[in-house]
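Comments concern the structure below.
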Amino acid sequence: MIAYLFDRMENLNAMFQMALRPKAWFKALVSYDNRELAKKAGFKWIPELKSWVRKMAVDDTKELPFMVNPIEFCQ
């Protein structure tokens, strides 16, 4: 079954490369009025931190419509 899946997937190597990119936790730098931008980008509100936070690939932050600060890099 796994061999069948591998045969059906196109560009499997590229998919593995995308999955293995460095990741980190990021804090969205958005105002209260622009909080929907963070929510639409997959960030979650963390009340204890009073911040919108998301774990994502470092390279993907360039595509966001707002700035972010790294909180912690993942291993």
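This structure is a prediction, so every number in the text was calculated from the model and none was measured.
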Backbone of [Y] reached by a side-chain donor or acceptor of [X] within 3.5 Å:
X     : Y     : answer
Arg54 : Lys44 : no
Thr61 : Asp59 : no
Lys23 : Ala19 : yes

Just how far is it from atom [atom1] of [X] to atom [atom2] of [Y], taken to the nearest 0.5 Å?
X     : Y     : atom1 : atom2 : answer
Met67 : Lys27 : CE    : NZ    : 13.5 Å
Asn11 : Gln17 : CG    : CD    : 11.0 Å
Asp7  : Leu12 : CG    : CG    : 10.0 Å
Phe73 : Phe26 : CZ    : CZ    : 5.5 Å

Nearest heavy-atom neighbours spanning [X] and [Y]:
X     : Y     : answer
Met15 : Glu10 : SD-O, 4.0 Å
Lys50 : Trp45 : C-CH2, 3.2 Å
Tyr32 : Arg35 : O-NH1, 2.7 Å
Cys74 : Ala24 : SG-CA, 3.9 Å

Please say yes or no: joined through hydrophobic side-chain contacts below 4.5 Å, possibly via intermediate residues, are Ile71 and Trp52 part of one cluster?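 Different hydrophobic clusters.
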Could you check whether any side-chain heavy atom of Trp25 comes within less than 4.5 Å of a side-chain heavy atom of Met56, counting everything from C-beta outward?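 Counting from C-beta outward, Trp25 and Met56 never come under 4.5 Å.
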Among Val30, Val68, Leu37, find the residue that satisfies the side chain to side chain contact (heavy atoms under 4.5 Å, CB included) test when tested with Phe43.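 Going through the options one by one, the only one that passes is Val68.
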